[in-house]
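Notes for the one structure printed next.
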Amino acid sequence: MTKRETKNQTNADIFGILVRALLAALLILLGLNWPRLLAGKNAWVEANYSEGVYPLIRRGISAVTSLVPFSVAEWLLYGLVVGIFALLIVRLIQLLLRKISFLRLIRTLASVLLAGGIVLNLFYATWGFNYFREPLAKRMELSIQSRSVDELEAFVLKTAAEARALRETLHEDSNGVFAPKESKGELFARLTQAYGSLHESISVIPNDPTRAKQVFWSRGLSWQGISGIYIGLTAEPNVNADQPPLLLYQAAAHEMAHQTGIASENEAELTGYLACMFSNDPNIHYSALAYALIAAGNALYKVDGARYLAATKTYGDAIWRDFSAYNAYWSAFSGEVRQSADRRNDAYLKHNSQPSGILSYGEAVDLLLAYDAKYGT
């Protein structure tokens with residue numbers, strides 16, 4: 001190759017790098033600014049995306065990914081992490097051995113950034129725009145307002161009475177802790193039927209989420225304090241199957257709610273709870289009651305500790321055994337890894353129009369009381 005040809009090739013390489021870098025920068029900038037661009041456009045997002053193209057997108061993707069029992073997203077993640085790391089190591093070794101030029105390494109880095117920018121925007125296109133749709137309370141015509149301590153206490157006592165009666169009929173392990181005889185997969189399948197029943201009463205909630213999938217390395221999620229995660233790119237509700245069964249089925253229903261297009265965490269908590277309540281399986285029903293008892297009980301404790309302590313006396317020994325086992329499991333994973341994951345999740349939620357961050361999970365109590373006020377007996 002002549003000097004002119006070498007120079008031309010170098011110029012072409014530099015131009016290619018600049019093009020990749022520019023496209024990557026533009027895509028990343030666009031992806032990071034979707035929350036700002038869509039602020040205040042809830043009605044438009046609802047009509048054109050959430051109720052328009054999104055159902056077609058998620059049904060098209062899930063029609064493929066639901067054909068396999070394992071989480072496609074999980075294994076794609078492992079493959080990408082290993083693949084990108086291996087590629088960069090190979091390029092670095094090639095550079096040290098003078099098999100490639102420094103420009104080739106830079107081009108590889110630019111390509112990785114470009115791919116990241118594409119994935120970031122695909123996240124929003126395949127699901128993330130749902131963060132900016134109309135609130136679920138508005139679509140369900142629920143009245144969100146300040147509730148009295150009396151109303152909160154009444155909800156806790158009512159839930160405790162139902163949970164205690166149901167708990168007496170359920171199977172438990174040798175330690176007296178809730179342990180369904182049915183497999184997790186079997187109960188996850190029944191959750192799809194529960195969504196069908198829920199849709200018949202509340203039509204704004206779709207009736208066709210696909211079955212939640214058990215994450216292979218669920219213990220890794222436990223270290224991060226994660227009970228489940230929805231991946232819009234593969235339209236898969238993923239669940240930490242290592243956690244105790246107490247809230248496992250409500251967690252699975254929560255992730256399935258995300259698949260239907262309900263993005264906000266407090267709304268997914270309510271929807272997951274309702275789906276479990278509409279299930280005719282007692283194990284799933286109990287998981288919903290246990291979730292509501294914990295969430296509403298925590299809220300009652302914050303406003304009136306004495307009333308909370310009085311209410312807990314109605315729970316019964318079996319429920320307390322379940323709660324103790326549940327708390328003991330998650331306490332074993334407290335530490336810096338979990339705190340770091342909480343900080344990342346908090347920042348992610350706040351970026352996507354959930355100003356309360358990880359505290360938004362607890363805000364589901366407002367929705368629970370609003371639903372109970374309208375439909376409760």
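Each residue takes its place number in the sequence, starting with 1.
Hydrophobic clustering of Ile, Leu, Val, Met, Phe, Trp and Tyr side chains at less than 4.5 Å, counting indirect connections, unites Phe323 with Leu289. In the hydrophobic clustering of this structure, Phe123 does not group with Leu77; members are Ile, Leu, Val, Met, Phe, Trp, Tyr whose side-chain heavy atoms approach within less than 4.5 Å, directly or through other members.
Residues Pro245 and Pro180 share a closest heavy-atom pair of CB-CD, 3.9 Å. Between Leu67 and Ala63, the shortest heavy-atom distance links the atoms CG-O, 3.3 Å. Contact detail for Lys374 and Glu141: the closest heavy-atom pair is NZ-O, 3.1 Å. In terms of heavy atoms, Arg147 sits closest to Ala373 at NH1-CB, 3.5 Å. Minimum interatomic distance between Leu37 and Leu30 (heavy atoms only, all atoms of both residues): CD1-CD1, 3.9 Å. Of all the heavy atoms in Val149 and Leu300, the pair that sits closest is CG1-CD1, 4.0 Å.
A donor-acceptor pair is defined here as one N or O able to donate and one able to accept, closer than 3.5 Å; such a pair exists between the side chain of Ser218 and the backbone of Ala241. A donor-acceptor pair under 3.5 Å is formed between the side chain of His351 and the backbone N or O of Leu32. Side-chain atoms of Asn352 never come within 3.5 Å of backbone atoms of Tyr131 as a donor-acceptor pair (strictly under, hydrogens ignored). A donor-acceptor pair under 3.5 Å is absent between the side-chain atoms of Glu153 and the main chain of Tyr308, judged by distance alone. Between the Thr108 side chain and the Arg104 main chain, a donor and an acceptor come within less than 3.5 Å of each other. The closest donor-acceptor contact from the side chain of Ser340 to the backbone of Glu336 lies at 3.5 Å or more, if one exists at all. Lys99 contributes no side-chain N or O that, together with a main-chain N or O of Ile93, makes up a donor-acceptor pair within less than 3.5 Å. Of the possible polar contacts, one joining the Tyr195 side chain to the Ala253 backbone as a donor-acceptor pair under 3.5 Å is found. A side-chain donor-acceptor contact under 3.5 Å links Ser287 to the backbone of Gln250. Using a distance-only test at 3.5 Å, with no hydrogens or angles considered, no donor-acceptor pair links the side chain of His258 to the main chain of Tyr230.
Here Glu74 does not pair with Lys213 in a salt bridge; the nearest charged N to carboxylate O distance is not below 4.0 Å. Checked for salt-bridge contact, Arg321 and Asp173 miss the test: no charged N lies under 4.0 Å from a carboxylate O. With respect to Arg133 and Glu267, no salt bridge is recorded, no charged nitrogen being found less than 4.0 Å from a carboxylate O. In this structure, Arg164 does not pair ionically with Asp317, as no charged nitrogen and carboxylate oxygen lie closer than 4.0 Å. Using a 4.0 Å cut-off between charged side-chain N and carboxylate O, Arg190 and Glu186 make a salt bridge.
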Would you sort out whether Glu182 and Asn283 count as a side chain to side chain donor-acceptor pair (under 3.5 Å), showing the intermediate values? CA-CA 9 Å; Glu182 297 85 351; Asn283 299 294; 3.2 Å; yes
Verify side-chain contact (heavy atoms from CB on, under 4.5 Å) between Leu136 and Arg139, making sure each step is shown before the conclusion. CA-CA 5 Å; Leu136 180 61; Arg139 289 180 282 130; 3.8 Å; yes
Evaluation steps, side chain to side chain donor-acceptor pair (under 3.5 Å), between Asp242 and Tyr329: CA-CA 10 Å; Asp242 191 63; Tyr329 174 85; 2.4 Å; yes
Thr192/Arg211 under side chain to side chain donor-acceptor pair (under 3.5 Å): CA gap, chis, key distance, verdict: CA-CA 6 Å; Thr192 60; Arg211 184 190 308 187; over 6 Å; no
Given Glu46 and Lys138, is the salt bridge (charged side-chain N to carboxylate O under 4.0 Å, His left out) satisfied, shown in steps? CA-CA 12 Å; Glu46 181 71 31; Lys138 180 178 180 179; over 6 Å; no
Passes side-chain contact (heavy atoms from CB on, under 4.5 Å), Tyr249 versus Lys184? Steps please. CA-CA 8 Å; Tyr249 306 106; Lys184 297 182 179 71; 4.2 Å; yes
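Put simply, the side chain of Tyr291 reaches to within 4.5 Å of the side chain of Glu269, judged on heavy atoms. Residues Asp372 and Leu368 fail the side-chain proximity criterion, which asks for heavy atoms closer than 4.5 Å. In this structure, Ile202 and Tyr371 have side chains that are in contact, with non-hydrogen atoms separated by less than 4.5 Å. The shortest side-chain heavy-atom distance between Asp366 and Asn266 does not fall under the 4.5 Å cut-off. With a 4.5 Å cut-off on side-chain heavy atoms, Leu247 and Ile294 count as touching. Taking 4.5 Å as the limit, every side-chain heavy atom of Ser66 sits out of range of all side-chain heavy atoms of Arg59. Counting heavy atoms from C-beta outward, Arg167 and Asp322 have side chains that approach closer than 4.5 Å. Contact annotation: the side chain of Pro35 approaches that of Phe132 to within less than 4.5 Å [non-hydrogen atoms, C-beta and beyond].
The CG atom of Asn240 lies 11.0 Å from the CD1 atom of Ile229; values are rounded to the nearest 0.5 Å. In this structure, the separation between OG on Ser62 and CD on Gln259 is 5.0 Å, given to the nearest 0.5 Å. In this structure, the separation between CZ on Arg107 and CD1 on Ile17 is 7.0 Å, given to the nearest 0.5 Å. Leu274 contributes atom CG, which lies 12.5 Å from atom OG of Ser279 (distance to the nearest 0.5 angstrom). For the atom pair CG of Leu120 and CG of Leu27, the computed distance is 8.5 Å after rounding to the nearest 0.5 Å.
Test Tyr54, Trp44, Tyr124, Trp34 against Tyr49 for ring pair (Phe, Tyr, Trp, His ring centres under 6.0 Å) and you get one pass: Tyr54. With Phe188 as the fixed residue, the side chain to side chain contact (heavy atoms under 4.5 Å, CB included) test singles out one of Thr210, Ile284, Val239: Val239.
No more than 12 heavy atoms of other residues, nucleotides or ligands lie within 6.0 Å of CZ in Phe216, so this atom counts as exposed by the packing criterion. Other residues, nucleotides and ligands place more than 12 heavy atoms under 6.0 Å from the CD atom of Gln145. By the 6.0 Å contact criterion, CH2 on Trp320 is enclosed, its count of non-hydrogen atoms from other residues, nucleotides or ligands being greater than 12.
Ring geometry, Phe178 versus Tyr286: the interplanar angle exceeds 60°, so the pair is classed perpendicular (tilted spans 30 to 60°).
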